[in-house]
Every structure is written in structure tokens, then in C-alpha cells.
Amino acid sequence: MLSDSTIVVETRDLTKVFGTVETVRALDGVNLTIYSGDFVAIVGPSGSGKSTLLNMLGGLDDPSSGDVLIDGVSLSSVQNIDIFRSKTVGFIFQMHNLIPTLTALENVIVPLHESSMTKLARRDRANELLVLVGLEHRLKSLPSQLSGGERQRVAIARALANDPKIVLADEPTGNLDSKTTIDIMELMSELNQTQGTTLIVVTHNLQCANMMRRVVTMRDGTIVSDSVPEDGFDRDLMEFRQSGLGQAILEGGKVPDNMADLAQNLKDLLGKS
Ligand SMILES: Nc1ncnc2c1ncn2[C@@H]1O[C@H](COP(=O)(O)OP(=O)(O)O)[C@@H](O)[C@H]1O
Ligand SMILES: [Mg+2]
């Protein structure tokens with residue numbers, strides 16, 4: 001699904017400084033707008049502030065200055081951030097963080113403990129989500145009985161349990177082999193397209209980033225590029241680039257930093273700009 005024009009998340013001059021004597025400016029005046037149905041990759045070198053940004057978006061940490069608005073609500077004005085977070089944000093981390101003694105089904109039920117649903121409705125909901133992520137045959141398995149990819153599928157189902165406004169994923173495929181990485185990215189892409197889930201995914205895997213419609217590149221706590229391919233040439237290029245052949249032809253194994261650079265290089269080459 002293409003994103004519509006409803007804003008779900010907005011940051012305003014978001015800044016985070018860690019430390020008191022020796023300080024690190026992990027985020028430096030970040031302005032970012034996420035629309036409903038967006039599927040956004042956040043890329044950038046290690047230490048560029050990706051995780052800090054994601055933690056701020058999810059209300060896991062407070063900004064030093066600036067603000068985060070989710071659905072128009074400023075997180076600084078929220079009385080009980082834990083409850084607000086559990087109703088509006090789903091998280092997927094690199095480590096799946098499943099509870100080892102609970103089955104897949106029970107792990108997905110966990111976030112529903114605050115909901116007004118009946119016990120049966122919670123089980124039905126968890127069941128439905130596990131079917132959605134392709135684990136209908138693993139409902140009663142413990143995390144230790146699942147493969148890495150299956151565990152991450154459970155984590156994705158759990159993140160969706162409360163029907164959150166946004167799902168935040170921090171290097172969700174960081175521990176997976178390359179085939180499983182593509183499977184998980186395809187699942188997220190499918191959820192975005194069929195369920196309209198708004199997903200923000202931190203990744204340093206450029207192949208993953210290329211599967212997403214919008215790529216935000218960070219460096220030193222700032223956003224250095226934010227490419228949303230337009231219709232026409234940019235979109236064609238994005239799609240061509242996503243194909244294996246396109247990637248090989250365009251990049252010859254060398255992946256440029258971001259779409260904007262690639263588009264500009266090609267436009268220059270073709271005399272289109
Ligand atoms: N809790 C913390 N205390 C001190 N410095 C931190 C903390 N968390 C992150 N940083 C620093 O902030 C910068 C951005 O970190 P991070 O957001 O984790 O980057 P990324 O996820 O892009 O690798 C880094 O320089 C990191 O060392
Ligand atoms: Mg990180």
C-alpha cells in the first residue's frame with residue numbers, strides 16, 4: 001500500500017544529548033514526518049543515531065529538547081507513557097525478546113493483558129496473527145523449538161497484537177541468515193501492503209533498505225537524505241534497482257549511499273536533469 005497523507009508520527013527539532021561532562025549529541029535537530037501506511041528504512045553508519053531516534057519515536061527515552069508527536073499527541077504531554085506506548089506502538093528488536101517459558105501463542109497474547117478483550121477473544125486474535133505471519137503450525141511451540149526466522153515472526157505477530165499506529169523495528173534481521181532476512185523483509189512488506197501497517201525499520205542491510213519505498217539516511221545525529229521516489233523516472237528506477245538484474249547492472253556490486261545520489265548520477269548520465 002502506498003502511504004496516504006495522514007501524518008502518524010512527527011518529530012520537531014528532536015535532539016538527544018547523552019552524558020554531562022563528555023557529551024554525545026546522538027540526535028541533532030531531527031525533523032521527520034511519517035505518514036500512515038509508510039514503509040520506511042532508516043539507514044546510516046553505526047553510531048549515527050538510528051536506535052536513539054527509534055527509541056524516541058516509541059517513547060522509550062526522553063528527548064533533551066524537541067518533541068515527538070504520535071497521531072498529533074505530544075509524547076511529553078502523555079500522563080502514562082507505558083499505557084500510551086502499549087496501545088500505539090509495536091516494537092520488533094534484533095533479539096526477539098520472547099518469553100522462553102511461554103508458547104508462541106502465549107507470547108503474542110502477552111501485550112493484550114491491558115485490553116478489554118475476553119480471554120477467548122485474545123486467543124483468537126493471537127491465533128489470527130500467527131496465521132498471518134505463517135506460523136499456524138507452531139502455535140504451541142516454545143521459542144527454543146523455533147528457528148531464528150520463526151522466532152522473529154512471533155515477535156512480529158506480537159508487535160501487531162494491539163493493532164498499533166506504528167511498528168518500530170531495530171535491525172530486526174540482524175541475527176538472521178541472508179535467505180531468512182529476505183523472508184522476514186518480504187513478510188513486513190506484505191503486512192505493509194495488505195494490512196496497511198506503518199513500519200519504520202532500522203537496517204544496515206542495503207538489500208533490505210532497497211525493498212522499502214522510502215529510505216531515510218542518518219549521519220552524526222541528523223537526517224542527510226530522505227528519498228521518497230516520485231512517480232515516473234524515480235519510481236521506475238527504484239523498481240529496476242530492486243530487481244536482481246537492475247542491481248547488478250546499475251551498481252556492479254557497489255551500492256551507493258542513497259537513492260537520491262543514484263538518481264542524480266543517472267539523470268546526469270542520461271542528460272535528464
Ligand atoms: N545510553 C547512552 N549513553 C551514552 N551514549 C549513548 C547512549 N546511547 C547511544 N549513545 C551514543 O549516541 C550515538 C548514537 O547511538 P545509536 O543511536 O545507538 O546509533 P546507531 O543505532 O545508529 O548505531 C553514539 O555515539 C552512541 O555511542
Ligand atoms: Mg543501533
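Owing to the predicted nature of the structure, the values given are computational and were not obtained by experimental measurement. For ligands, and for the atoms within them, numbers begin at 1 and follow the listed sequence. One is the number of the first residue; the rest follow in order along the sequence.
Side chain of Arg151 to backbone of Pro143: a donor-acceptor contact under 3.5 angstrom is found. Using a distance-only test at 3.5 Å, with no hydrogens or angles considered, a donor-acceptor pair links the side chain of Arg85 to the main chain of Gly59. Although no hydrogens or angles enter the test, the distance criterion places a donor-acceptor pair under 3.5 Å between the side chain of Arg125 and the main chain of Ala161. Of the possible polar contacts, one joining the Ser147 side chain to the Glu150 backbone as a donor-acceptor pair under 3.5 Å is found. Side-chain N or O atoms of Asp71 include none that pairs as donor or acceptor with a backbone N or O of Val73 at under 3.5 Å.
Between Gly19 and ligand 1 there is no heavy-atom distance shorter than 4.0 Å. Taking a 4.0 Å cut-off on heavy atoms, Pro45 registers as neighbouring ligand 1. Residue contacts with ligand 1 do not include Gly44, since none of its heavy atoms lies under 4.0 Å from the ligand.
Enclosure of atom CG in Asp220 is not indicated, since only 12 or fewer non-hydrogen atoms of other residues, nucleotides or ligands lie within 6.0 angstrom.
Distance from atom 24 (C) of ligand 1 to its nearest protein heavy atom, with residue and atom name: Gly47 O, 3.8 Å. Scanning all protein heavy atoms for the shortest distance to atom 16 (P) of ligand 1 gives Thr52 OG1, 3.6 Å. Counting only heavy atoms of the protein, atom 18 (O) of ligand 1 lies nearest to Ser51 CB, 3.8 Å. Scanning the protein for heavy atoms near atom 6 (C) of ligand 1, the closest one is Phe18 CD1, 3.2 Å.
Within the 4.0 Å cut-off (strictly below), no protein heavy atom is located near atom 27 (O) of ligand 1. Distance check for atom 4 (C) of ligand 1: a protein heavy atom is found below 4.0 Å.
The two residues Ala157 and Leu129 have their closest heavy-atom pair at O-CD1, 3.6 Å.
Short contacts between ligand 1 and Ala26, defined as distances under 4.0 Å to a heavy atom of the residue, involve ligand atoms 12 (O), 13 (C), 14 (C).
Taking 4.5 Å as the limit, every side-chain heavy atom of Ser46 sits out of range of all side-chain heavy atoms of His204.
Here Ser51 meets the criterion, with an N, O or S atom under 2.8 Å of the Mg ion (ligand 2).
In terms of polar-atom proximity, defined here as any N/O pair under 3.5 Å, Val24 makes no such contact with ligand 1.
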